[in-house]
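Take a look at the structure set out below.
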Amino acid sequence: MAFNFNWSPLTADAGFYKRARDLLTTALNKSPKPPIIVDDIIVTEFNLGSVPPDLEILEIGDLAEDRFRGIFKMCYSGDAFLTLKTRVQANPLNTYLSGKPAFTSPQPLAAASSLTIPLQITLSEIKLSAFIILVFSKQKGLTIVFRNDPLESLKVSSTFDSIQFVRDYLQRTIEGKLRDLMMDELPAIIHRLSLQLWCPDQMAKEDEEPKEADEHGVNPLATPPLDAVDAHGRLLDPAAISELSLDGGPEAQLLFSQKTLYRLCGLTTSQVTSSLDTSGPRDVLFRAWAGLSDKADAAGTPPLSTPNLVRSPSYTNAHTYTFSDSGSQDHGSLPSRPSLMHLNSATAGLSLGSGRHSKTGRKKKTRVVNLRRKVESEVGSERGDESSETASVAAPMSEPAMPHPILEVPEEDPLSSKVRFSRSADLQQQSRRPSIRSEAPKAPEVQLQAAEATGSSAATQFPTQLSEKKGSQEVAKGTASVDSKADWRRSGPMSDTSSVILEQAWIMKMAGEIARRVYDEKKRNPSFWDDRDDTPPPAYEAR
Amino acid sequence: MREFMHYITDAFYSASGWNEDNTYKELNATARELIDFPLPRGLRLNLSSLATPHFATSYQLSSVGIVDGSISYLHSTVPLTGIAAQSDRIPLPALLRSYRRLHDLGSRARQWDVGPGDAQAETTVPAVANTEQSPASRGGTLLYGRLYLPRSLLEGLVVRRLTPSLQVQLSAVSERSLRNGGTLLGLVQYDRGKYGVEGLASTDGGLLGIRGLYNFGGDASLPSASSAGGPANAENHGNGQSVEKERIYGRFSAGGEVYYGTLNKSGGMSLGARFATLPAHRGTPLTATLTINPLMGNINATYAVLAKDYCSLATRMEFNVYSYESDWAVGMELWSNRRPAGFLLGADPNSQPESDLEPPRKKERSFQAKMEWRLDDPEPEPRIPKPEEGPAGKEEYRGVLKARLDQNLRVGLLWEGRIKSLIFSLGTGVDLRKLGEPFRSLGLEIQYSS
């Protein structure tokens, strides 16, 4: 087995250094600056150099084409450098007086007059040695955690090298700041950079996700609707696919191309404006698979507004009460979705299943995701109806048992599943589009509404649902045969990934925790930790 | 506005015959006070009292978003009998004046010049001080303490006069947030009139410093100047130096300061010179200073002039030869003898000084003059009492408007005066660069003392 680490290609990207500089600049100006620095710190030059760091692999926990987890020992003494520009107060007496009580100030007449000097600081000859826990997945980007304080030594050269006091001060201050930067900021910066590189569409979600997780934990009501609509699609699909040969078709839809997501966005916003004209839907077709089919059936009968109302309650209901109802034919497509999920979870194992459920609950909140999911779930649901009478039974049990899943786990799953299926999705989409387009332009709109509105009345629900179900079944059958093959191929890896991801998340958590503790401890009594730094922790020595 | 305790401390110095201006630290005090006057922020109330000639208290309550305050006590072994502590009697220039006239060099013979036009009004104080001079200057001690309440910050000051020319000051601040819980500053001041030397040591950073001022020219060059004592000395100048009065008559001072932080191995220094006219000078009083910081390349020049009795102006220019940074600022002080509202309403017919003038104007031609078809003999002109002219001048000024403008087009406006027995100070900072929301700060300070 061989690894190929490319050092220079990272820097070949023209925008890389600029982005890195911006990120560093904001990171450096975040914390309050010492009085000697009287201006913002601006990173003017940043170069990773040509000498790559020495990496020693201590442990590889996970390895696949699109993901990697390992522990390294890294030693770096290369030619990377960093140049900062700022303005400093060159008069030591001036900085001495700042922040001191005026009452006991010696009140110098002019000896404390300020002299601000533009300063360039170059950090070079950076020597690092650290144990790094590196986790990479195409979906989550790159995560690096330092297990110890990585900074061994560093040369600070500045305009003031000739003045002993200022030089010492700068060296001290910058080393301290850099340590903080390495331990706290750098992992975040690298993560953000990697997200930009590999999965730019993740960037927006990054911010939202934590909030969602919190809300879910607090608010049980929020979860059920979400599960029914969105999370479903993402979380369950991989597992579902592996389990059921039937599901192959719907998977493909899971893939969200950026384009479609944008379109959906446009669509939703057009709704917000309350303009009656929603011209967009025609192009957005594939989103509406289920909806389209429904529409086709019911196109003449219900006005647009009614379907929306009807749908939204049905989704929510499906989750809350309905796992028990799933068997019943009234709900049609909707109940079938939950059943699918449960099937997967049940087969995978209790713990996995519980984890999934929780995830699905959280994920639902994003609107885009929801729309997607519906399509999938609806399509799959028809299939589910037939096969999932049994599945539906499993569902009610798992749900109540694990109302609050572990937060960390769920976040990972959706991401991984999403990326994986992209290829198949494209194929499927292409095949389906022509047929659907003609049917119902307005379907996507309906679905959007449904996802958003949770509390609407359920009275009108049943008739429309029935019609929907019929339509969706038709569509699903057409596509099912094509999709199923693709599904089978992937099903094997999928089931494994779920457990791996769980593990991964846990390890990352632990690693972060350990690193923080070590760092804190070290800060508290540096002498105690000094001697230990050089030798690797016992866990790694054997290997 | 000078705080009441500051005013009392000044009174202590004058009562004990110490010339606090004869130090390098106060070299450019005039320009500094004309330009860098502090603007009040928020609302602040001061209640002060000189309960006995030896004891003063002051309570302060301020509200800038949060309410906080301070309690301060002061004890002086020298009886402060000569000063007016009641806020309706305190001479405003003593509290508000910016332009500082030179004092006579003999520390014993110091005349407490309160400001424009109040020289005579204040002569009572030195007179009192002079009588008790010998005991006071031997063992004068001042104890001062101030506790800022919500912050738990404690300030303490001890001033001890060891010999007529030697004084020791010890000031301390205690607060939890400070390193080592507080700092202590010791100051030894030695004033020989012709020169004054100060040595200081601070526990913060182990800072050591020495600064000195040497006077020459003008009265300092006269051997009699330092030997002659008291107001008589001033008279002496007035008469004996009549020739000098025609020319610019003033005193040169030059000095320097050096600091060194023993713990952080850093230091600083500066050199300075000043020319200021003496009170005996008949022309426009002016003060010009130049300070140089050779280490940092900073040159600072100020020029302050007492253009009229009611108007003083100051400019300051700064330039750094290393960084080419420059700065300028101008300041102005305008005294008014109108009622405080007069600034807004224009001339006030009810203003007291004018009512004083009424009777002479309305005086009719005397019967005899009418009979003789002629005007009255020109009376001795009842001139408008100038500030210089005796105790009447003390009540002359009722308010002062201070303004400053600096390079960044920031304007500071301060209007201080007396309403009944309250002394108020209303100030605002205006930023002309941001006309959208020009007012940077607004504050009102009210002081009452008894």
Side-chain angles (χ1 to χ4, degrees), chain A residues 31-42 85-121 156 158-176 523, chain B residues 23-29 32 146 153 155-157 170-175 177-179 182-187 198 200-205 207-209 211 255-259 261 264-272 289 291-293 295-300 318 320 322-323 325 327:
Chain A
S31 56
K33 291 180 280 289
I36 198 172
I37 294 173
V38 294
D39 202 1
D40 281 351
I41 305 172
I42 298 166
K85 207 168 74 177
T86 186
R87 289 167 72 221
V88 294
Q89 177 57 255
N91 191 343
L93 207 58
N94 189 297
T95 56
Y96 164 83
L97 289 177
S98 67
K100 301 287 163 56
F103 193 72
T104 51
S105 156
Q107 294 177 310
L109 183 73
S113 57
S114 85
L115 169 61
T116 60
I117 290 188
L119 169 71
Q120 276 212 336
I121 303 175
V156 178
S158 71
T159 327
F160 290 117
D161 277 357
S162 51
I163 306 176
Q164 180 74 22
F165 166 73
V166 182
R167 194 184 62 184
D168 289 351
Y169 185 89
L170 286 176
Q171 175 91 30
R172 232 172 26 237
T173 312
I174 287 171
E175 256 182 44
K523 265 188 164 177
Chain B
T23 159
Y24 182 71
K25 190 180 76 179
E26 306 293 334
L27 189 76
N28 59 7
R32 198 170 60 221
R146 182 173 193 175
L153 186 147
E155 288 178 352
L157 171 72
L170 201 63
S171 53
V173 171
S174 170
E175 196 192 15
S177 67
L178 294 175
R179 195 189 300 171
T183 60
L184 202 67
L185 177 78
L187 200 63
E198 266 180 322
L200 64 88
S202 168
T203 59
D204 191 5
L207 188 82
L208 300 176
R211 52 195 175 203
E257 60 183 346
V258 180
Y259 299 94
N264 51 22
K265 305 278 185 291
S266 65
M269 67 162 297
S270 74
L271 301 170
T289 68
T291 59
I292 297 174
N293 185 335
L295 290 182
M296 296 300 144
N298 193 281
I299 300 174
N300 185 327
E318 255 178 286
N320 195 303
Y322 294 154
S323 66
E325 282 180 339
D327 189 22

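Chain letters run A, B, ... following the sequence lines, proteins first, then strands; residues in each count from 1. Just the heavy atoms: all of them, side chains too, but no hydrogens, waters or symmetry mates, feed the values below.
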Let me see the working for A:N91 and A:T95 under side chain to side chain contact (heavy atoms under 4.5 Å, CB included), right down to the final yes or no. CA-CA 7 Å; A:N91 191 343; A:T95 56; over 6 Å; no

Is it true that [Y] and [X] share a donor-acceptor pair across their side chains at a distance under 3.5 Å?
X	Y	value
B:S171	A:T104	no
B:Y24	B:S270	yes
B:Y259	B:E257	yes

Between B:E26 and B:R32, is there a salt bridge with N-O shorter than 4.0 Å?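 Judged by the 4.0 Å cut-off on N to carboxylate O distance, B:R32 and B:E26 do form a salt bridge.
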
Looking at A:D39 and A:K33, does any basic side-chain N land under 4.0 Å from a carboxylate oxygen?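 No, A:D39 and A:K33 are not salt-bridged.
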
Less than 4.5 Å to any heavy atom of chain B: does that hold for the side chain of A:Y96, its backbone, both, or neither?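 Just the side chain, heavy atoms under 4.5 Å.
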
Out of [options], return the one with the most heavy atom pairs under 4.5 angstrom to chain A.
options	result
B:R146, B:E325, B:M296	B:M296
B:T183, B:L185, B:N300	B:L185
B:E198, B:E175, B:R179, B:R211	B:R211
B:V173, B:I292, B:L187	B:V173

Kindly determine whether B:Y322 and B:N298 satisfy side chain to side chain contact (heavy atoms under 4.5 Å, CB included), including the steps that lead there. CA-CA 8 Å; B:Y322 294 154; B:N298 193 281; over 6 Å; no

Shorter than 4.5 Å, heavy atoms on both sides: which option in A:S113, A:A90, A:P92, A:S105 has the most such pairs with chain B?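 Greatest number of close heavy-atom pairs with chain B: A:S113.
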
Contacting region of [X] [heavy-atom separation from chain A under 4.5 Å]:
X	value
B:S323	both
B:A29	neither
B:M269	backbone

